[in-house]
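Written out below as structure tokens is the structure these notes cover.
First the proteins, then the strands, lettered A, B, ... as listed; each starts at 1. Both backbone and side-chain heavy atoms feed into the values below; hydrogens, waters and symmetry mates do not.
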Protein chains: 2
Amino acid sequence: MVTLSEVAKLAHVTAATVSNVLRNREKVHPDTAARVLKAIDELGYRPNLNARALAEGRSSTLALMLSNISNPFYPEFVLAAERAARKSGHFLMVCNTDDNAETGRAYLNQIAGTLADGVLVMNTDIAISDLYASAMHNAPILLAMWEHPESPPTLPCIAVDFARAGALAAHHLLELGHRDVGLLIGDGCGGLQDARSNGFRAAMLAAGIEADPTAALQIRDSIDAGYAACMRLMANRPELSAIFATNDLLAIGAVQALITLGHAVPDDVSVIGITDIQLAHQVHPALTTVAIQTAAVAELSIERLIGLIQTPEHEPSMVLGPLPELVVRASTGPRRKR
Amino acid sequence: MVTLSEVAKLAHVTAATVSNVLRNREKVHPDTAARVLKAIDELGYRPNLNARALAEGRSSTLALMLSNISNPFYPEFVLAAERAARKSGHFLMVCNTDDNAETGRAYLNQIAGTLADGVLVMNTDIAISDLYASAMHNAPILLAMWEHPESPPTLPCIAVDFARAGALAAHHLLELGHRDVGLLIGDGCGGLQDARSNGFRAAMLAAGIEADPTAALQIRDSIDAGYAACMRLMANRPELSAIFATNDLLAIGAVQALITLGHAVPDDVSVIGITDIQLAHQVHPALTTVAIQTAAVAELSIERLIGLIQTPEHEPSMVLGPLPELVVRASTGPRRKR
DNA sequence: TTGAAAGCGCTAACAC
DNA sequence: GTGTTAGCGCTTTCAA
């Protein structure tokens with residue numbers, strides 16, 4: 001490995017000067033700088049990032065904790081987060097906790113404040129109190145995708161107005177004339193998605209439509225579960241003309257269940273989800289959904305986390321992410337006349 | 001931040017002893033060890049991994065380079081790789097190159113041998129010669145998922161016998177009586193999937209069935225592309241009774257296209273893919289495919305990479321991953337009598 | 001503008 | 001068993 005001082009020797013300067021060339025260029029004479037640059041090039045010098053981190057007291061990596069990256073929602077977030085991190089000179093460490101609080105705590109203990117300067121937390125399986133303790137002792141923690149803007153947590157967070165997302169879905173279905181709507185409520189690695197269903201129900205109620213508890217199912221967060229639940233729902237409540245799912249995975253499963261049952265989507269039954277994952281526009285019929293701007297939220301999260309690292313705050317603060325937006329595709333249509 | 005020497009002071013020993021307690025426990029007296037442990041606990045000491053990496057001359061993180069994690073195949077690999085890495089005390093840094101060779105080279109330059117002790121490379125957009133140079137100067141590089149076991153690269157790799165996967169698909173379709181099979185050949189972030197299609201064609205040829213070039217389409221690696229290509233294929237060649245796709249994404253797109261066209265799957269047309277991504281068993285009808293044991297390959301890759309780091313070799317070597325296996329689900333069936 | 005020197009937190013000989 | 005010492009490669013005052 002080529003070190004700073006080898007470069008220094010070749011350029012007939014001292015390590016400090018090489019270091020200066022690498023950072024605040026102004027301070028060094030153009031001629032020496034050129035000599036140093038030449039030496040760096042000849043030797044193929046690359047700074048040792050661990051040494052730099054040790055000397056500077058801060059690393060250049062960020063950690064992203066999530067329960068399980070194989071849920072299709074996460075990769076999109078990770079991609080955008082990694083791009084944003086890279087843009088600002090940071091690396092991204094991915095930490096799957098496998099829905100295991102112990103694993104999460106272990107990660108926090110090992111990397112927060114040493115390998116990683118800050119941690120973006122997406123999963124809810126770690127107790128806020130543990131996170132809080134780690135944030136106090138080790139390094140800033142930012143909660144990405146906080147689902148309850150109305151009740152800020154004791155840590156900084158990016159909040160997404162999921163209740164609004166649910167309401168948008170309701171308005172869309174109402175406009176199309178739907179009254180009998182089944183609910184598929186996800187309870188996955190991000191926790192129970194009740195902000196979404198509550199927002200939906202409130203909007204329906206505002207239109208005079210009372211929620212029917214027998215038309216709602218609370219299920220695990222996957223296509224499979226959505227499929228199975230929709231099957232049950234339609235068996236019990238054949239009069240439903242639309243399904244609202246709190247996330248796209250469930251909605252995609254529901255669409256498939258309906259097709260399997262011989263219902264046309266959207267002619268017989270409409271389906272709407274939330275999130276707008278990539279899959280949503282790739283399935284057929286393409287899914288109508290409420291986009292929560294995953295990539296934008298990811299970028300915002302990274303920016304905010306970096307801000308927190310540079311100028312730590314003592315008060316937790318919440319920033320609201322981009323507002324959810326309805327994306328009308330092919331899985332919703334007017335209620336069928338019967 | 002609590003340091004080793006603060007712990008040492010509290011325990012009335014020296015830093016070296018604390019360090020010894022943390023690593024080779026035998027060397028230190030049980031009583032002192034207990035005192036040290038107590039001090040560590042009281043102070044909430046956590047080792048600084050950067051300092052350790054610097055002192056030891058090796059870090060505890062591994063890097064995984066891929067072109068774009070939002071392709072559903074990667075998250076499954078990443079999940080398994082991260083678990084394997086964690087099991088052996090390593091962290092995983094995810095590097096998306098966005099199909100950009102320059103980004104890949106930059107990553108390699110910045111982290112190989114400093115932040116990361118080894119790099120698992122999944123994408124083919126970086127020239128092997130660049131990888132080779134980096135492996136020589138910086139840190140071991142392992143090519144995961146090498147698609148051509150018959151021609152080993154100049155770097156260590158885990159090879160997967162994709163030709164065999166193609167052949168298995170062919171045998172399955174042949175057994176079901178299919179003769180007119182359309183080919184969807186992916187050309188995505190992992191490069192042109194020709195080993196798979198060649199394996200398929202060879203197996204068909206061995207059964208006396210010549211490949212018809214007009215029944216094969218080479219397309220980008222996505223559900224969308226599979227959908228569109230299948231539409232075209234069926235328009236041109238309505239007599240096809242089966243579709244073989246070199247990966248599951250394409251196959252899933254194809255199934256949707258067939259359903260949209262009013263063909264029953266598998267009663268009218270059978271569809272088979274390769275990989276067995278999670279989505280494959282979640283769609284309806286569930287996809288018949290050839291599993292390449294993604295998780296097992298990921299674990300093997302991590303183990304091998306760690307081996308390479310510990311005892312570097314000077315000869316590149318190839319190890320063959322688990323053999324592909326046919327997974328029969330609901331998207332294939334006997335050729336329809338006409 | 002450049003150099004000398006100290007130190008980041010830890011490990012690893014080697015002595016005692 | 002435990003302490004002493006010397007780095008690991010870099011940054012950063014502070015002098016010159």
Side-chain angles (χ1 to χ4, degrees), chain A residues 1-37 39-40 43-61 89 110-117 137-139, chain B residues 1-37 39-40 43-61 89 110-117 137-139:
Chain A
M1 148 168 260
V2 184
T3 70
L4 245 204
S5 59
E6 298 181 50
V7 173
K9 203 188 305 177
L10 182 60
H12 301 295
V13 292
T14 168
T17 303
V18 179
S19 181
N20 277 333
V21 172
L22 260 40
R23 2 209 81 248
N24 29 318
R25 295 215 162 188
E26 322 89 46
K27 301 186 61 172
V28 42
H29 192 94
D31 292 357
T32 18
R35 246 180 22 248
V36 168
L37 258 11
I40 286 178
L43 261 28
Y45 167 79
R46 302 169 320 123
N48 181 322
L49 266 20
N50 280 306
R52 180 174 286 178
L54 182 59
E56 288 185 332
R58 60 193 165 77
S59 79
S60 51
T61 110
Q110 293 183 93
I111 67 177
T114 72
L115 282 192
D117 276 351
H137 298 312
N138 309 328
Chain B
M1 150 170 256
V2 183
T3 70
L4 246 203
S5 59
E6 299 183 49
V7 173
K9 202 188 302 173
L10 182 60
H12 301 295
V13 291
T14 167
T17 303
V18 180
S19 183
N20 277 334
V21 171
L22 261 38
R23 6 206 79 248
N24 28 320
R25 296 215 161 188
E26 322 89 46
K27 300 188 63 174
V28 43
H29 190 95
D31 292 358
T32 19
R35 241 176 31 243
V36 168
L37 258 12
I40 286 177
L43 262 28
Y45 166 78
R46 302 169 319 123
N48 181 322
L49 266 22
N50 280 306
R52 180 175 284 177
L54 182 58
E56 287 184 332
R58 63 194 164 76
S59 79
S60 52
T61 110
Q110 293 184 94
I111 66 177
T114 71
L115 282 191
D117 276 351
H137 299 312
N138 310 330

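B/L4 places its CG atom 13 Å from the P atom of D/dG3, with the value rounded to the nearest Å. Atoms CD (B/E56) and C1' (D/dG7) sit 14 Å apart, rounded to a whole Å. At whole-Å resolution of the value, CG in A/D31 and P in C/dT1 are 11 Å apart. In this structure, B/H29 atom NE2 and C/dC16 atom P are separated by 24 Å, rounded to whole Å. For the pair A/L43 CG and D/dG9 C1', the computed distance is 15 Å after rounding to whole Å. Atom CE in A/M1 sits roughly 11 Å away from atom C1' in D/dC10 (whole-Å rounding). Across the protein-nucleic acid pair, B/Q110 atom CD and D/dG9 atom P stand 19 Å apart, rounded to whole Å. Computed from coordinates, the B/L115 CG to D/dC10 P distance equals 12 Å when rounded to whole Å.
The nearest pair of heavy atoms linking A/R35 to A/H12 is NH2-O, 3.7 Å. A pairwise comparison of heavy atoms in A/T114 and A/S59 identifies O-CB, 3.9 Å as the closest pair. Of all heavy-atom pairs spanning B/L22 and B/Y45, the tightest one is CD2-CE2, 3.7 Å. Between A/V28 and A/T32, the closest heavy-atom pair is CG2-OG1, 3.5 Å. Contact between B/R46 and A/A112 at its shortest, heavy atoms only, is NH2-O, 2.8 Å. When every heavy atom of B/V36 is checked against every heavy atom of B/V18, the shortest pair comes out as CG1-CG1, 4.0 Å.
Considering only the side chain of B/K27, D/dT2 comes nearest among D/dT11, C/dT2, D/dT2. Looking at the side chain of B/A55, the nearest of the listed nucleotides C/dT11, D/dT11, D/dT2 is C/dT11. Nearest nucleotide to the side chain of A/V28, out of C/dT2, D/dT11, D/dG9: C/dT2. Distance from the side chain of A/V13 is smallest to C/dG3 among C/dG3, C/dT11, D/dC10. Considering only side-chain atoms of A/T17, the nucleotide from D/dC10, D/dG3, C/dG3 that sits closest is C/dG3. Comparing D/dC10, C/dT1, C/dT11 by their nearest atom to the side chain of A/T32 picks out C/dT1. Out of C/dG9, C/dA4, D/dT4, the shortest distance to the side chain of A/A16 is found at C/dA4.
Under 4.0 angstrom from either OP1 or OP2 of C/dT11 there lies at least one side-chain N or O belonging to B/R23. Under 4.0 angstrom from either OP1 or OP2 of C/dC10 there lies no side-chain N or O belonging to B/S19.
Contact annotation for B/T3: backbone-only contact, meaning every heavy-atom pair under 4.0 Å involves sugar-phosphate atoms and none involves a base.
A donor-acceptor contact shorter than 3.5 Å is absent between the side chain of A/N24 and the backbone of A/K27.
Between B/T61 and B/D117 the shortest side-chain heavy-atom distance does not fall below 4.5 Å.
Positionally, the nearest nucleotide of DNA chain D for B/N20 lies more toward the 5' end than for the other of B/N20 and B/L54.
Across the helix from C/dT1-D/dA16 to C/dC16-D/dG1, the helix axis at one end is tilted relative to the axis at the other end by 40° (nearest 10 degrees, each axis from five pairs).
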